[in-house]
S.K.: 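Below is one structure. I have some questions about it.
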There are 2 protein chains.
Amino acid sequence: MAKLAKTSSRHSVEPGVELIGDAETLNSYSNVLSGVVKLTKSLSDGRQQIVGLRFAPDFLGQPFKAKSAIHAEAATTVSLCSFPKAAIEQMMKQSPELEHRLLRQTLNELDEAREWMVTLGCKTAPEKVASFLLMIARNIDSGVGPAARSARFDLPLTRAGISDFLGITNETVSRQLTRLRMDGVIRIENSRRVTVDDISRLEQRCGGRWPRRNRPIYET
Amino acid sequence: MAKLAKTSSRHSVEPGVELIGDAETLNSYSNVLSGVVKLTKSLSDGRQQIVGLRFAPDFLGQPFKAKSAIHAEAATTVSLCSFPKAAIEQMMKQSPELEHRLLRQTLNELDEAREWMVTLGCKTAPEKVASFLLMIARNIDSGVGPAARSARFDLPLTRAGISDFLGITNETVSRQLTRLRMDGVIRIENSRRVTVDDISRLEQRCGGRWPRRNRPIYET
DNA sequence: CGCGTAATTGAAGTCGCTCAATTGTTGTGG
DNA sequence: CCACAACAATTGAGCGACTTCAATTACGCG
């Protein structure tokens with residue numbers, strides 16, 4: 001990494017700034033030092049889907065030009081540590097270690113993507129919103145491990161952003177959030193800042209742990 | 001590959017056979033020689049989502065134990081060429097070439113997964129079914145390239161299987177298929193075998209190419 | 001042939017969407 | 001400090017797409 005340090009540079013990026021343009025190729029690789037980057041894909045009629053979120057200390061960049069267009073944008077204020085693309089690619093040829101780490105990260109991303117496919121395809125709107133909050137809590141809140149009982153964090157996305165992530169409308173997101181608030185599962189101040197006093201209660205709303213309806217699965 | 005050939009073995013697997021059990025780890029890596037393998041994830045209440053399909057000549061196997069449980073099952077009759085896990089992992093340490101290929105494939109899978117996230121999250125039921133047919137046509141039909149005007153193939157999944165893939169019910173899948181048939185976009189014999197005379201007509205039904213509604217996107 | 005599963009089709013219900021109005025928040029300039 | 005504008009979020013009412021439940025038909029296989 002010593003050799004890389006010479007060519008690295010740091011940036012701070014404001015929300016809304018485009019990091020990887022559609023059908024473009026990123027001119028550098030970066031590490032996310034803080035903040036959240038959202039990866040989106042869109043249909044030509046404007047509908048769009050968030051296909052991933054990158055938190056610190058994730059890696060950011062298109063290793064080989066993917067055939068599909070992807071779009072990366074700062075969701076919050078983001079600070080990045082960037083390296084020239086050529087430098088990284090050069091290093092990858094020389095040291096298998098770097099490629100190995102890249103493979104690891106890619107496998108992780110694949111895993112996450114599939115996890116969210118389950119959420120998108122199977123879960124109801126209330127479950128989707130709860131699952132989103134839980135995912136954010138686990139990634140944002142001061143790195144408190146999965147064993148934490150409570151959490152407090154800022155949502156990195158607007159309601160519309162969350163709706164793009166979950167495949168539902170922003171109105172539905174809003175309604176489900178207020179329902180969670182009414183039920184005492186979460187508290188909301190600022191409409192961005194959320195507190196979860198009892199994480200297990202949130203987990204119960206994520207679906208999948210019990211039959212969806214109040215009747216046994218196996219009937220006579 | 002000469003060295004690997006010594007340890008490889010071939011299998012033929014019937015539909016429904018489990019290739020990777022939930023929370024288990026595959027005891028070998030395989031190449032899919034023919035047929036289709038479906039990768040699924042499920043919620044504990046029974047809801048399940050197909051998160052990927054593997055066609056020939058795709059690779060099959062869990063490179064490093066992923067933290068998430070995944071389930072692989074033969075969708076059709078499948079023939080595999082398998083290698084002992086230990087042999088592959090040994091080879092990966094010695095030759096970066098293999099790991100490089102693995103990275104390529106993984107990036108491809110990630111790309112596909114994200115593509116389907118868009119379908120799951122954004123598209124309507126009619127668009128989902130059309131997209132599914134198009135994807136199958138491009139992967140199954142005798143490898144006829146993307147430039148083909150027509151296609152004929154066997155669906156590798158039942159209606160219920162398709163519904164697990166698209167996040168809709170099998171009844172809806174059935175209804176949309178008959179609608180496509182009524183409209184002359186596809187022909188169905190056998191309820192498995194499908195013929196698409198004009199692929200471009202099918203593409204038009206996949207959504208995203210034009211505004212979803214018959215009014216301009218940008219209004220005054 | 002007749003059984004079991006898959007597929008189709010219909011009718012009714014519901015969840016989430018659309019449209020629309022209101023309220024809340026943030027940042028800017030007077 | 002307040003007024004204002006621009007945008008984000010909330011909330012309501014009505015509708016529609018998809019689901020659910022149920023009945024029927026088609027298909028594959030012993």
Side-chain angles (χ1 to χ4, degrees), chain A residues 14-16 45-47 75-77 119-130 132-133 154-182 186-194 205 207 211-215 217 219, chain B residues 14-16 45-47 75-77 119-130 132-133 154-182 186-194 205 207 211-215 217 219:
Chain A
E14 292 309 306
D45 61 7
R47 287 178 279 179
T76 67
T77 298
T119 300
L120 282 173
C122 295
K123 295 189 179 180
T124 66
E127 291 167 345
K128 284 180 177 179
V129 173
F132 176 78
L133 289 178
D154 276 326
L155 293 174
L157 299 175
T158 66
R159 302 291 186 267
I162 298 173
S163 75
D164 284 342
F165 197 98
L166 299 176
I168 54 184
T169 62
N170 52 4
E171 291 95 332
T172 299
V173 171
S174 185
R175 274 184 253 269
Q176 297 309 326
L177 284 176
T178 59
R179 175 190 287 221
L180 286 171
R181 179 170 52 78
M182 293 298 197
I186 62 175
R187 277 178 294 152
I188 303 179
E189 64 222 71
N190 220 351
S191 87
R192 279 288 191 133
R193 171 139 296 220
V194 173
R205 304 224 173 192
R212 181 147 51 127
R213 322 183 163 292
N214 296 335
R215 55 178 169 78
I217 304 176
E219 311 187 62
Chain B
E14 292 308 306
D45 61 8
R47 285 177 281 176
T76 66
T77 298
T119 300
L120 282 173
C122 295
K123 295 190 180 179
T124 66
E127 291 166 345
K128 284 180 178 179
V129 172
F132 176 78
L133 289 178
D154 276 326
L155 293 173
L157 299 175
T158 66
R159 301 292 186 269
I162 298 173
S163 75
D164 284 342
F165 197 99
L166 299 176
I168 55 183
T169 62
N170 52 3
E171 293 94 332
T172 299
V173 172
S174 186
R175 275 184 253 268
Q176 298 308 327
L177 283 176
T178 60
R179 174 191 287 221
L180 286 172
R181 179 168 53 77
M182 294 296 199
I186 62 174
R187 278 178 291 152
I188 303 178
E189 65 221 67
N190 221 349
S191 90
R192 280 290 191 132
R193 172 139 296 222
V194 174
R205 303 222 174 194
R212 182 143 53 124
R213 321 182 167 290
N214 297 335
R215 55 178 171 79
I217 304 178
E219 313 186 63

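To find a chain, count down the sequence lines: A is the first, B the second, and so on, and within it residues start at 1.
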S.K.: Measure the distance from CD1 on A/Ile188 to C1' on D/dT11 and round it to the nearest whole Å.
M.R.: 14 Å

S.K.: May I ask you to evaluate whether A/Thr169 reaches the phosphate of C/dT18, defined as a side-chain N or O under 4.0 Å from OP1 or OP2?
M.R.: no

S.K.: Taking any heavy-atom pair under 4.0 Å as a contact, classify B/Gly161: base, sugar-phosphate, or nothing.
M.R.: nothing

S.K.: Taking A/Arg159 for its side chain and A/Ser191 for its backbone only, find out whether a donor-acceptor pair lies under 3.5 Å.
M.R.: yes

S.K.: How many whole angstroms separate atom CZ of A/Arg175 from atom C1' of C/dT14?
M.R.: 15 Å

S.K.: B/Ser191 side chain: which of C/dA7, D/dG28, D/dT11 is closest?
M.R.: C/dA7

S.K.: OP1 or OP2 of C/dC17 sitting under 4.0 Å from any side-chain N/O of A/Asn170?
M.R.: no

S.K.: Could you check whether the side chain of B/Arg192 and the base of D/dG28 have a donor-acceptor pair of N or O atoms closer than 3.5 Å, going by distance alone?
M.R.: no

S.K.: Quickly work out the B/Glu189 CD to D/dG28 P distance and round it to whole Å.
M.R.: 11 Å

S.K.: Under 3.5 Å, is there a donor-acceptor pair between the side chain of B/Arg181 and the main chain of B/Arg187?
M.R.: no

S.K.: Starting the side chain at C-beta, find the nucleotide from C/dT9, D/dC18, D/dA9 nearest to A/Ser174.
M.R.: D/dA9

S.K.: Rounded to the Å, how far apart are B/Lys123 NZ and D/dA17 P?
M.R.: 19 Å

S.K.: May I ask you to evaluate whether B/Thr172 reaches the phosphate of D/dT19, defined as a side-chain N or O under 4.0 Å from OP1 or OP2?
M.R.: yes

S.K.: Rounded to whole Å, please give me the gap between CZ in B/Arg193 and C1' in C/dA7.
M.R.: 18 Å

S.K.: Rounded to whole Å, please give me the gap between CG in B/Asn190 and P in D/dC27.
M.R.: 8 Å

S.K.: Quick one: is D/dT11 close enough that its OP1 or OP2 comes under 4.0 Å of any side-chain N or O from A/Thr178?
M.R.: yes

S.K.: List in chain and number order the residues that pass side-chain contact (heavy atoms from CB on, under 4.5 Å) with B/Thr169, two or more places apart in sequence or in another chain; answer none if no residue qualifies.
M.R.: B/Glu171, B/Thr172

S.K.: Go through the N and O atoms of the side chain of A/Arg159 and the base of C/dT25, and report whether any donor-acceptor pair is under 3.5 Å.
M.R.: no

S.K.: Distance criterion of 3.5 Å, no angle test: do you see the side chain of B/Arg179 paired donor-to-acceptor with the base of C/dT8?
M.R.: no

S.K.: Write down the distance between CD1 (B/Ile168) and P (C/dT14), rounded to a whole number of angstrom.
M.R.: 22 Å

S.K.: Measure the distance from CG on A/Leu177 to C1' on D/dT10 and round it to the nearest whole Å.
M.R.: 11 Å

S.K.: Has the side chain of A/Glu171 got a donor or acceptor that lies under 3.5 Å from a partner of the other kind on the base of C/dC19?
M.R.: yes

S.K.: Side chains of B/Phe132 and B/Val173: closer than 4.5 Å at any heavy-atom pair?
M.R.: no

S.K.: Side chains of B/Ile188 and B/Leu180, heavy atoms from C-beta outward: is any pair under 4.5 Å?
M.R.: no

